[in-house]
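Worksheet: one structure, shown below.
Here is the naming used below: chain letters follow the sequence lines, and residue numbers restart at 1 for every chain.
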Amino acid sequence: MESKKMALIATKGTLDMAYPPFILASTAAALGYEVQVFFTFYGLQLLRKDLSDVKISPLANPAMPMPVPMPVMVQMLPGMESMATTMMKHKLKAKGVASLEQLREICLEADVKFIACQMTVDLFEFDKDEFIADVEYGGASTFMGFAGQTDICLFI
Amino acid sequence: MDYDKELDARGLSCPLPIVKTKKSLADMLSGQILKVISTDSGSIKDMQAFAKQTGNELMSTLEQGKEFVFFLRKA
């Protein structure tokens with residue numbers, strides 16, 4: 001039986017939005033799917049060797065549960081983003097949720113294919129040396145080639 | 001129930017119990033039984049879905065307090 005296929009487009013580079021593509025990709029791979037993830041625009045940040053700049057901001061994110069209510073004027077103060085990120089990472093760890101680094105490693109071990117958008121790399125003048133080695137570079141047409149045969153295709 | 005291998009997935013959240021179950025089954029032989037212990041309440045549904053989609057048989061699911069115990073027979 002030919003395996004099922006899933007294609008994801010990862011477009012966001014914040015801590016909260018980094019989880020869905022890595023969770024879905026690692027799970028689908030565990031279920032026997034062939035998986036490709038196309039990282040474009042801010043999603044490319046998730047391919048950096050160092051993921052410590054992937055942060056979460058309470059600003060303009062009114063749905064984010066906060067330990068204490070915090071006015072927007074306070075949320076915009078310097079250091080708030082780092083503080084929110086530290087607190088969120090602590091919570092994730094306490095609840096047994098894997099780190100992004102762990103999930104990404106699980107994906108790679110399970111042969112999930114990562115494709116980085118070449119156009120975005122050129123646009124933001126990213127240095128490919130800052131990305132992990134297990135990445136292929138391609139464009140929309142590369143993505144279509146695989147996406148066209150998939151059972152699940154999501155834009156995140 | 002007798003089993004050939006045990007996976008302790010206590011304290012782990014989605015998708016780790018499923019990912020680790022898949023890994024544990026990888027080096028087992030067809031017909032062997034894997035016992036998985038999880039504390040993730042979502043893993044009840046997830047384990048059923050995993051079994052259905054991978055063809056491995058979910059023989060039983062037990063709820064012991066806050067823990068969930070699964071027995072899977074490798075396809």
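Around atom CE of A:Met73, no more than 12 heavy atoms belonging to other residues, nucleotides or ligands sit under 6.0 Å away. The neighbour count for A:Met87 CE, taken as heavy atoms of other residues, nucleotides or ligands under 6.0 Å away, does not exceed 12. Heavy atoms of other residues, nucleotides or ligands lying less than 6.0 angstrom from NZ of A:Lys49 number more than 12. Other residues, nucleotides and ligands place no more than 12 heavy atoms under 6.0 Å from the NZ atom of A:Lys93. No more than 12 heavy atoms of other residues, nucleotides or ligands lie within 6.0 Å of OH in A:Tyr42, so this atom counts as exposed by the packing criterion.
Heavy atoms of A:Phe22 lying under 4.5 Å from chain B are absent altogether. In this structure, the portion of A:Ala29 lying under 4.5 Å from any heavy atom of chain B is its backbone and not its side chain.
A:Val112 and A:Leu108 fall within the same hydrophobic cluster, defined by Ile, Leu, Val, Met, Phe, Trp and Tyr side-chain heavy atoms under 4.5 Å apart, directly or through other members. No continuous path of hydrophobic side-chain contacts links A:Leu100 to A:Ile9 [ILVMFWY only; heavy atoms under 4.5 Å].
By a heavy-atom distance cut of under 4.5 Å, B:Gly11, B:Leu12, B:Ser13, B:Cys14, B:Pro15, B:Leu16, B:Ile18, B:Val19, B:Lys22, B:Lys23 are the residues of residues 11-24 of chain B near chain A, going up by number.
Most heavy-atom pairs under 4.5 Å with chain B: of the set A:Leu31, A:Leu92, A:Leu24, this distinction falls to A:Leu31.
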